[in-house]
Amino acid sequence: MQRPSIFNWPLKSIFWPPSLIAKQLGSVLYLKHLLKWNKFPSWFLNHSIKSLPVAAGSLGMGCIGFPPHPAWEVTAACNLRCIHCHAASSKPARDELTTDEAKRFIDELARIDEFRTLVYTGGEPLVRPDLLELLQYSQKAGLTNVIATNGTLINEEVAFKLREVGVVGAAVSLDSSQSAIHNHIRRNDNAFELAMRGIQALKKAGILLQINVTAMEYNFSSLDELIELTDREGAGIMLMYQLVPVGRGSSIEEATLDVNQNEKLLKFLARKQREVSTIIEPVAGPQYWPYLIEQRGKSNGIWFKLAEQLFHGCAAGRGFVYIKANGDVWPCPFVGINAGNVRMKSFENIWQHGEVFVNLRKREHILKGDCGKCKYRTICGGCRGRALAYHGDYLAEDPSCFLHSKSC
């Protein structure tokens with residue numbers, strides 16, 4: 001079977017306007033400079049080209065990858081019942097979008113010029129019976145497809161089918177390099193073995209591998225080994241989530257990282273990044289970017305202004321939008337505020353004019369508490385999901401921030 005070719009990528013999605021590529025390159029080069037990233041040449045040679053369609057439309061680096069892009073929870077159903085999932089169910093929702101409704105929704109997304117990538121997530125997207133049909137439809141609509149999966153249902157046959165319907169990147173959730181820890185979190189004795197099988201199959205199919213991990217008390221001590229494993233497996237990207245107590249995760253709130261652990265994690269990631277070629281991006285830890293700037297003495301002048309262009313911190317509602325299985329539109333899976341439903345209202349209207357989206361796009365002017373006063377409110381902005389979970393107000397200060405007393 002032929003490998004994917006750059007000539008099969010949607011030209012407009014990736015290369016137009018040319019400033020998108022320039023900003024993507026600028027983001028990673030500035031990160032290299034801040035971190036003194038020794039393994040950057042390895043990442044550039046092995047992953048940079050394949051990362052382009054995954055990062056299609058990137059305006060900068062933020063806490064949840066490359067905005068702006070939509071992530072669509074195509075089903076609430078899942079074959080696992082992970083203890084930390086932001087969803088609360090493992091069964092299909094009764095009111096999930098039908099195939100015809102889903103295709104109309106994809107058409108709406110494709111008409112929005114700033115959207116180049118569509119992330120299919122869940123639940124577990126592979127349990128939705130019409131998934132391949134929908135992936136093929138969004139591919140023909142000109143969107144580049146990415147799938148977020150637990151990996152357990154992927155073998156070589158499935159991986160090559162995913163590639164055929166335009167999947168250019170796959171984010172596989174892995175909680176530990178130790179099978180016992182991963183299986184405990186996933187509540188399945190075979191989850192680790194099956195996820196590793198899926199990883200090998202995706203690599204064989206030529207799909208860019210991304211690893212997603214949620215840092216919490218259960219796996220905090222084994223994160224170093226997991227990053228090493230991720231690098232050995234040749235992942236181009238790792239998203240390091242932090243547990244936010246929503247959905248099923250609300251029942252294990254005691255496993256969330258406190259302020260000191262957040263600081264410890266982000267400092268560890270900065271050190272570890274120098275040793276690996278996989279790009280590690282924190283999620284729900286936007287203090288990473290101002291921390292790096294402070295460490296390198298770039299908190300003023302032209303370097304600071306450059307950082308404001310390249311690092312956007314929390315992307316909720318600004319460069320990222322989350323669509324639930326029933327068509328409800330949220331800013332982020334951790335900011336569960338419904339701005340409207342695509343069955344009742346055009347998605348473009350919700351995205352452009354929904355109150356929560358309008359507020360988050362002007363967050364630097366209306367954030368409250370320490371986040372509102374912080375000089376890094378544009379670069380970081382605090383995690384809006386944590387603000388909502390702990391204060392009941394998505395514009396409140398981020399309770400996990402360790403920078404307030406030091407530099408803001």
Side-chain angles (χ1 to χ4, degrees), residues 6 9 13-69 116-117 119 144 146 168-171 207-213 227 230-231 233-241 266 268-283 285-299 302-315 318-320 376 378-380:
I6 62 172
W9 298 346
S13 294
I14 300 164
F15 297 111
W16 194 261
S19 59
L20 290 176
I21 297 294
K23 286 184 177 180
Q24 291 171 31
L25 181 61
S27 298
V28 74
L29 286 176
Y30 196 21
L31 180 67
K32 170 187 177 293
H33 173 70
L34 291 173
L35 287 165
K36 298 181 179 179
W37 186 13
N38 298 326
K39 292 297 186 73
F40 169 76
S42 175
W43 177 87
F44 189 81
L45 288 172
N46 295 313
H47 304 301
S48 59
I49 298 298
K50 288 176 70 174
S51 293
L52 286 175
V54 178
S58 166
L59 297 179
M61 300 183 80
C63 84
I64 199 157
F66 291 95
H69 66 274
R116 318 298 175 94
T117 300
V119 179
T144 53
V146 175
V168 299
I207 295 172
L208 179 74
L209 176 64
Q210 173 178 315
I211 296 297
N212 289 356
V213 56
I227 293 173
T230 298
D231 196 45
E233 292 297 337
I237 305 164
M238 178 185 232
L239 291 189
M240 180 67 70
Y241 288 75
L266 297 184
F268 159 70
L269 294 182
R271 294 192 304 271
K272 194 65 182 177
Q273 180 69 85
R274 299 169 192 160
E275 304 171 9
V276 296
S277 58
T278 302
I279 286 184
I280 308 169
E281 280 207 61
V283 180
Q287 296 82 17
Y288 187 61
W289 314 108
Y291 166 72
L292 295 180
I293 293 164
E294 285 282 323
Q295 288 298 107
R296 293 284 277 142
K298 307 294 185 183
S299 58
I302 189 171
W303 287 104
F304 183 81
K305 293 189 177 297
L306 181 61
E308 288 185 307
Q309 297 299 313
L310 299 179
F311 302 145
H312 294 171
C314 179
R318 295 159 54 87
F320 180 78
Y376 295 115
T378 301
I379 296 170
C380 170

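- The heavy-atom pair separating Leu208 from His47 by the smallest distance is CD1-ND1, 4.3 Å.
- Scanning all heavy atoms of the two residues, the minimum distance from Cys380 to Gln287 falls at SG-N, 3.7 Å.
- Side-chain contact between Met238 and Ile211 is present, with at least one heavy-atom pair separated by less than 4.5 Å.
- Between Pro282 and Leu269, the shortest heavy-atom contact is CG-CD1, 4.1 Å.
- You'll find the side chain of Leu35 reaches within 4.5 Å of the side chain of Leu292, heavy atoms only.
- Applying the side chain to side chain donor-acceptor pair (under 3.5 Å) criterion to Ser277, with sequence neighbours excluded, gives Asp231.
- Around CD1 of Ile302, the count of heavy atoms belonging to other residues, nucleotides or ligands within 6.0 Å does not exceed 12.
- The main-chain N or O of Ile237 is never found under 3.5 Å from a side-chain atom of Glu281 such that the two would form a donor-acceptor pair.
- In this structure, the separation between CG on Leu266 and CE on Met240 is 10.0 Å, given to the nearest 0.5 Å.
- Under a cut-off of 6.0 angstrom, the local environment of CZ in Phe268 is crowded, with over 12 non-hydrogen atoms contributed by other residues, nucleotides or ligands.
- To the nearest 0.5 Å, atom SG of residue Cys314 and atom CD1 of residue Ile379 are 14.5 Å apart.
- For Asn212, the side-chain contact (heavy atoms from CB on, under 4.5 Å) partners are Ala171, Ser173, Gln210, Leu239, Tyr241, not counting sequence neighbours.
- Distance check: Arg116 CZ to Thr144 OG1 gives 9.5 Å after rounding to the nearest 0.5 Å.
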- Task: Verify side-chain contact (heavy atoms from CB on, under 4.5 Å) between Leu31 and Trp289, making sure each step is shown before the conclusion.
- Result: CA-CA 9 Å; Leu31 180 67; Trp289 314 108; 3.9 Å; yes
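- The aromatic rings of Tyr376 and Phe304 sit tilted, their planes meeting at an angle between 30° and 60°.
- In this structure, Thr378 and Arg318 approach most closely via the heavy-atom pair O-NH2, 4.5 Å.
- For Lys32, the salt bridge (Lys or Arg N to Asp or Glu O under 4.0 Å) test picks out no residue, with sequence neighbours left out.
- Between Trp43 and Val28 the shortest side-chain heavy-atom distance falls below 4.5 Å.
- Lys298 is linked by a side-chain contact (heavy atoms from CB on, under 4.5 Å) to Tyr30, His33, Leu34, Ile293, Arg296, Trp303, counting only residues two or more places apart in sequence or in another chain.
- Taking Asn46 as the reference, Ser42 meet the side chain to side chain donor-acceptor pair (under 3.5 Å) condition, with sequence neighbours excluded.
- Partners of Glu308 according to the salt bridge (Lys or Arg N to Asp or Glu O under 4.0 Å) rule, which considers only residues two or more places apart in sequence or in another chain, do not exist here.
- The NZ atom of Lys36 lies 10.5 Å from the CD atom of Gln295; values are rounded to the nearest 0.5 Å.
- In this structure a side-chain-to-backbone donor-acceptor pair under 3.5 Å is missing from Thr117 to His69.
- With hydrogens and angles ignored, the 3.5 Å screen pairs no side-chain donor or acceptor of Trp37 with any backbone N or O of Leu29.
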